[in-house]
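Small disclaimer: the values here were computed from a predicted structure and weren't measured. The sequence lines fix the lettering, A, B, ..., with proteins before strands; numbering per chain opens at 1. Values below: every heavy atom of this structure, side chains too, minus hydrogens, waters and symmetry copies.
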Amino acid sequence: MRLSQQLFVTLREEPADAEVRSHALMARAGFILKLGAGLYVYGPMMWRVLRKIEQIVREEHDRIGCQELLMPAVQPRELWDESGRWERYVNDGILFNFRDRKGSEVCLGPTHEEVITHFVRKQVQSWKQLPTTLYQIQTKFRDEIRPRFGLMRGREFIMKDAYSFDANEEGMKDSYAMMRQVYRNIFSRCGLRFTPVEADSGAIGGSGSEEFMVDAETGEDAIAVCHEIGYAANIEKAVSQISAPAGEPEKVEMHKEPTPGAKTCEDLLKLFPDLGVERLLKTVLYEAVWEDREQTIAVMCRGDRELNEVKLLNHLDALNLELADEKLVRSVTGAEPGFAGPIGLRDDVRLLADTSVEGVQGFLCGGNETDTHWLDVWFGRDLEQPETADFGVVQSGDTTVCGKGKIEITRGIEVGHIFQLGTKYSEAMDASFLDENQKKLPLWMGCYGIGVSRVAASAIEQNHDEGGMIWPLPIAPYQVLIVQMKAGAEEQDALCAELEKELEARGVDVLVDDRKKVNPGAKFKDADLIGIPLRIVVGRDAGERRVEWSPRSGGDKEVVTAEEALARVSAAVEAASSVRDSE
RNA sequence: CGGGGAGUGGCGCAGCCUGGUAGCGCACCUGCUUUGGGAGCAGGGAGUCGCAGGUUCAAAUCCUGUCUCCCCGACCA
């Protein structure tokens, strides 16, 4: 392919709205163009990258016998009413929904559990048809609350979603395990450094789930890891052990303390420096919403710990959880915000506590009275210890549950998520089969998603430098870039044409920068920016069939013969194609 | 949804406070020279200043509304 014949535009300056490197570089290089918040045109170069990723995804799925299909993006509401998810998705505001000309409600699919379940309930009747796994690669639509970071969180993005169907739980787990390995293979082949982590399954539901996190500081997700014992979990899901505060406090009678203006733990510590932050219990108020009701929830938590709203939401089995606003705080506590406590809350408030409060005695807590806290409060003596459960956020330095490791917090980009759904959808939508004994049983499902466009962005987040992107070879838009110093010079023209032809004959994707009237400096800058991993510079030594070998990822530039350059390309392509993950 | 910020040639920005009819760099077009790390000179094209109202002799500039985009937060009491 000749660059001179392509529409190829690069910018010298970055677009002002790009926050992360992948976004800035892809925009500068003309790989993407913003159409609106979270909406992007994938330019020709970008599309090549996406197709390469898709190809890897297809190969790895097909290898274990998955079948590709394609479902509609437009989905009728009725299907979503069957699974019970329409209300939730509409309430969350994430659904692009509208009415068609007949007035029927439809949405643009944010995910396809309903449609695939419908497809399978129509197609599958017998245990003999199981197990089966189907997948598609398609545009998904989600009206994200806050789209950001270019392709990282778009409102329209390319996703691979797969769904497995088994006759029983063991079968589902087998399918899940196979898919887990497929995912490892895919991300390894894409040249990503990643960590699989235990995850919360959120709106999709089901029993177990894992996310595949690309290691990156700019990632939106925090993950808790312990390398010694091999633990890794999304912070939403992560668990740890923490020790109770040391020392037995004096058994003083509970009493009120004036704490004017002291609304935060920090303020209170200044007033009671000897108390220790562990003996300061905060009480956080939430409004929980279920399908048929709502309730104010007060949750106690140790001063040095944070509350995990995902764990709380799951415990309550609520649809939504919101921090109480000031008005609600006043109504429930009778005090200004900042002085909420467990004693004397309005009767209808449900009081819970994080496990971090266990073993804490003689503590300080809010007085439910402006500028007042209770001090020397004891559970069992002054108030019953509320129902406790793990509502805490794991912190760096915590001990792992097994007691043998220390937890470290890192960040990652979620590029894949796999779920054991169980029979949640098959039961709700009556997707069943007949077993050997003519018994009607629900299908056991798994579902598996990969953000294809996000994989591309993550690859750049992980692989770039000052000059631009550095694509991993297997997903690079082209594998080789031949930079011709002076287009039109006879010897260079001839050698470039020869190299291009030979590489194409070997099945290598090659791009020749044969643009005229573009200076060498500009060509080098563009080459660095678009990040084609292998590069051959054809310049003044073309007559002697000598070229410069200068891989994008650095390393020493070297003058070699044309034949040697070809051999090096073949070797690099060969090496990259043999990458497989082995766990 | 709350808070903050921004919309001026394709891109990045200045001008706005203190109203007087739009400018810089890059990119683009033409010509000549140049050709191993974003070339030089000369000439040229391109913006109803997001949109709608209002104030004024006069609005990119002041006022009101509206749309869009970006950032922070959906935060600890």
Side-chain angles (χ1 to χ4, degrees), chain A residues 9-20 23-24 27-30 33-39 91-93 144-150 259 261-268 277 280-287 298-309 312 320-326 328-330 332-333 335-342 345 354 356 364-368 370-373 391-393 466-468 483-489 492 513 515-529 535 537-542 547-548 550 557 559:
Chain A
V9 180
T10 58
L11 301 174
R12 195 179 284 216
E13 284 172 288
E14 310 190 330
D17 58 9
E19 278 295 302
V20 296
H23 182 195
R28 249 190 81 199
L33 181 74
K34 187 169 75 194
L35 194 62
L39 305 172
N91 284 340
D92 287 353
E144 292 284 346
I145 297 161
R146 186 141 100 86
R148 59 182 147 181
F149 302 153
T259 52
K263 298 183 170 194
T264 65
C265 292
E266 209 175 47
D267 298 336
L268 290 164
V277 68
L280 201 157
L281 298 190
K282 52 193 175 190
T283 304
V284 184
L285 299 167
Y286 291 95
E287 184 74 352
V299 189
M300 298 182 71
C301 175
R302 224 166 75 179
D304 59 333
R305 309 298 296 186
E306 307 278 313
L307 284 173
N308 182 328
E309 292 179 12
L312 189 55
N320 192 25
L321 194 65
E322 259 177 62
L323 209 61
D325 58 24
E326 291 191 9
L328 182 63
V329 172
R330 286 197 191 92
V332 167
T333 66
E336 284 299 301
F339 303 95
L345 283 169
D354 175 48
S356 62
L364 179 100
C365 61
N368 290 326
T370 303
D371 294 340
T372 305
H373 280 76
F391 301 129
V393 176
E466 284 298 296
V483 185
Q484 184 176 0
M485 287 292 85
K486 191 168 183 176
Q492 292 187 24
D513 187 353
R515 291 175 296 171
K516 293 185 172 166
K517 297 184 176 180
V518 177
N519 282 300
K523 288 193 177 185
F524 287 132
K525 290 289 184 190
D526 278 341
D528 288 346
L529 178 60
R535 294 190 300 204
V537 181
V538 173
R540 48 171 107 85
D541 300 332
V547 299
E548 186 178 280
S550 66
K557 292 176 185 167
V559 175

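Across all strands shown, A/K557 has heavy atoms under 4.0 Å from base atoms, whether or not it also approaches the sugar-phosphate. Using a 4.0 Å heavy-atom distance criterion, A/E336 is classed as making no nucleic acid contact. A/K34 comes within contact range of the sugar-phosphate backbone alone, with a heavy-atom separation under 4.0 Å but no base atom that close. Using a 4.0 Å heavy-atom criterion, one finds that A/T333 contacts no nucleic acid atom at all. Counting any heavy atom pair closer than 4.0 Å across all strands shown, A/C265 reaches sugar-phosphate atoms only and no base atom. Backbone-only engagement by A/D17 is indicated by non-hydrogen atom pairs under 4.0 Å involving sugar-phosphate atoms exclusively.
In this structure, of B/G37, B/C71, B/G38, it is B/C71 that holds the atom nearest to the side chain of A/E19. Distances from the side chain of A/E13 to the nucleotides B/G25, B/C70, B/G36 place B/G25 closest. Comparing B/G38, B/C76, B/U35 against the side chain of A/K282 picks out B/C76 as the nearest. Closest contact between the side chain of A/D528 and the listed nucleotides B/G38, B/G12, B/G37 involves B/G37. With distances taken from any side-chain atom of A/E306 to the nucleotides B/C11, B/G36, B/C76, the minimum falls on B/C76. Listed nucleotides B/G38, B/U34, B/C11 differ in distance to A/L11; the shortest reach to its side chain belongs to B/C11. When distances are taken from the side chain of A/E309 to each of B/C76, B/A39, B/G36, the shortest belongs to B/C76. Candidate nucleotides B/U35, B/C76, B/G36 were compared by shortest atom distance to the side chain of A/N519, and B/U35 ranks first.
For the P atom pair drawn from B/A6 and B/G50, the interatomic distance equals 13 Å after rounding to whole Å. Comparing the P positions of B/G44 and B/G23 gives an interatomic distance of 14 Å, to the nearest angstrom. B/C51 and B/C69 are spaced 15 Å apart, taking the C1' atom of each and rounding to whole Å. Distance noted for atom P between B/G15 and B/C62: 12 Å (whole Å).
Atoms CG and NZ, from A/N519 and A/K486 in turn, are 10.5 Å apart once rounded to the nearest 0.5 Å. Note: A/E309 CD to A/E322 CD = 9.5 Å, rounded to the nearest 0.5 Å.
Here A/R146 reaches the OP1 or OP2 of B/C72: one of its side-chain N or O atoms lies under 4.0 Å away. The shortest distance between the side-chain N/O atoms of A/R12 and the OP1/OP2 oxygens of B/G38 is not below 4.0 Å.
Two residues, A/K486 and A/N308, neighbour RNA chain B, and the one matched to the more 5' nucleotide by heavy-atom proximity is A/K486. Nearer to the 5' terminus of RNA chain B, by closest-nucleotide assignment, is the contact made by A/E548 (compared with the other of A/A340 and A/E548).
Pairing for B/C69 goes to B/G5, judged as Watson-Crick or G-U wobble with the two contacts each under 3.5 Å. Across the strands present, B/G25 finds its partner in B/C11; the criterion is a Watson-Crick or G-U wobble pair with both atom distances under 3.5 angstrom. Using Watson-Crick or G-U wobble geometry with both donor-acceptor distances under 3.5 Å, B/A58 finds no partner in any strand shown. When both pairing distances are held under 3.5 Å, B/G53 makes a Watson-Crick or G-U pair with B/C63. Across every strand in view, B/G31 sits in a pair with B/C41 that passes the Watson-Crick or G-U test at under 3.5 angstrom.
Contact check for A/T10 versus A/K525: no side-chain heavy atoms found under the 4.5 Å cut-off.
The residues A/K282 and A/D354 are annotated as not salt-bridged, no charged nitrogen and carboxylate oxygen being separated by less than 4.0 angstrom.
For A/R535 and B/G36, a side-chain-to-base donor-acceptor distance below 3.5 Å is absent, hydrogens and geometry of angles not being considered.
Side-chain atoms of A/R28 do not come within 3.5 Å of backbone N or O of A/E14 as any donor-acceptor pair.
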